[in-house]
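Remarks on the structure that follows.
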Amino acid sequence: MLEKREKKERRVGLPELKNAVKGKVVLRFAPNPNGSLSFGHARGIVINGEYAKEWDGELILRFDDTDTVVKPPLPQAYEDIPKEAEWLLGYAPHRIVIASDRIPHYYEHAEQMLQEGFGYVCQCSGEAFKVFRVEKTECPCRPNSPDHNMDLWGKMLDGTFKPGDAVVRVKTDMTLKNPALRDWPALRMQDTANHPHPRPGVGSTYRVWPLLDFQSAVEDHLQGVTHIIRGKDLMDSTRKQTLLYAHFGWSYPETMYWGRVKVHEWGGFSTSQMRRDIEAGAFTGWDDPRLPTLQALKRRGITSEALRAFWVELGVTQKDISVPLSALFSHNTKQIDDDAPRLAFIRTPVEVHLAGDHPAQVEVDVHPNHASMGKRTFTFEPATVWLEEEDMAKGNLRLKGFADLEIEKQSATVASIERSDQRPIVHWLSETQSCEATLIVAKDGEIVEHKGRMERHDYPEGTMVQLERIGYGRVLDATTILFSHS
RNA sequence: GCUCGUAUAGUGUAGUGGCCCAUCAUGAAGGACUCUCAUUCCUUCGACCCGGGUUCAAAUCCCGGUACGAGCACCA
């Protein structure tokens, strides 16, 4: 029989995947390519991707681009998303499927549905059908014969019907307890003459398009998906799709759901809204550091490892949660601190002449814990240093790694090279080894550019550095740092 | 309104009837190290939504309540 575990051990990582067979697991992540990937999308990629890795399975990246009117696809997204996904995953998705390339497959299944009588063409308006749904009564189109349905289907396809005239429904049961499940719509018509699909070769080719629940269900089956892990807002989708699977004689994949996540600092955001704002010029692009997109996070210096650790830690609970950005940042600090060279950045620089005796130059570590990263050299010819205005107000100071200073108004005298008392330790810059620089900080939806002086360096763009006593940042160029987090 | 789901420390999470006066992380406070308000290390703080029930035993099962969220689109 079952033996009790000796001790309860804390589970680490993701929960067990039910009915998973090593090497046979197929998962998918299916965004709408109507914009770049956001922080929220990352959860889908990370969770599905980590399971695929754990089980030597496959991860499908599927573009659910079946709406050309309400959420029209963005051509650029077809190029960006695979790159963003690969960056985040650490590997390229094993398969890429584009729904708009596969319309004939969906038609084929729609026709099977009509011919076998578990689907019908409904000519009721949305309003009219709503009444049937609420009253648990059948609409007059429901009893149509397969032949009649095929005839109406032909009229949808050839344009005799216009968008809004007809829709294909899956026959479930109008008395089902859950109103969401009653004879749900599977395919509808779209005005692709005025709203062509942006992908070349697709354009205005099709008038009839599948809706998410149908397209996704058929495609999951076609692709052999074994496990679906998605937001719990799609729970009713699972129920609708399970009903459809039963009609086709298929068995539905294992499912798991996660709840809603809000980030304290960001609140709600939608891809469509971001797209409008970017197009209106409110943001510089999808990588604008104010935006909660993967591109922006990457640009700010958040590593994919940190993002993965963050999402794995949240797991796949169905709770609706609200997390502070600091949770992500603490993962990031762990990732970058060991490799981040230290640099001084003086925010409100005050120029101070040094009086008194002192060496001609001084050397300090590039990284306090890693001598192998080398030394930084500061020279005092001229004998001028830059200090933060705020620090100057504190009185006598210890220049980190250099000397004790007696501060008298705007003048400073070197009192001791050795640390002689508990005066505050501050960061500083020598005249020769510094230059004017900008620290860009994105906070509360605003971008603030702090002009100051920064230590000269030749780190390439993209290097993560730690600005002493300020926080981490990413090198944009020799005189610009994009603030990451403290 | 109907339907579905969730409820453990400030935050996030472990826990599927006894090992739990509850795990881990983060956070906060204090300390060690350090010539950074960093890193690392140590200590401390802090929670099972409420009410019933089942049981020798409940965070864990059942019922009710409450709170929050989602679906009921010819969006995804």
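Each chain gets a letter, A, B and so on, in the order its sequence line appears, and its residues count up from 1.
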For A:T68 and A:H195, indicate whether the former's side chain and the latter's backbone hold a donor-acceptor pair under 3.5 Å. yes
Contact state string [nucleotides 4-11 of chain B, B base, S sugar-phosphate only, - no protein heavy atom under 4.0 Å]: SBSSS--S
Can you build the contact string for nucleotides 26-34 of chain B? Use B for base contact, S for sugar-phosphate-only contact, and - for no protein heavy atom under 4.0 Å. S--------
Which residues satisfy the salt bridge (charged side-chain N to carboxylate O under 4.0 Å, His left out) test with A:R142, sequence neighbours excluded? A:E138, A:D183
Give one of base, sugar-phosphate or nothing for A:T271, where a contact means two heavy atoms less than 4.0 Å apart. nothing
Base, sugar-phosphate, or nothing for A:G401, non-hydrogen atoms under 4.0 angstrom? base
If you go through the side-chain atoms of A:R469, does one of them form a donor-acceptor pair with the base of B:A38 closer than 3.5 Å? no
Watson-Crick and G-U pairing of RNA chain B written in dot-bracket, each distance under 3.5 angstrom, with | for inter-strand partners: (((((((..(((.....[.....)))((((((.......))))))...(((((..]....))))))))))))....
Indicate yes or no for a side-chain donor-acceptor contact from A:T172 to the backbone of A:L181 under 3.5 Å, with no hydrogens or angles considered. yes
Can you tabulate the close N/O pairs, meaning under 3.5 Å, that link protein atoms to atoms of nucleotides 45-50 of chain B?
none

Given the P atoms of B:U11 and B:G5, what is the spacing between them in whole Å? 25 Å
Under the ring pair (Phe, Tyr, Trp, His ring centres under 6.0 Å) test, which residues partner A:Y107, sequence neighbours left out? A:W153, A:Y206
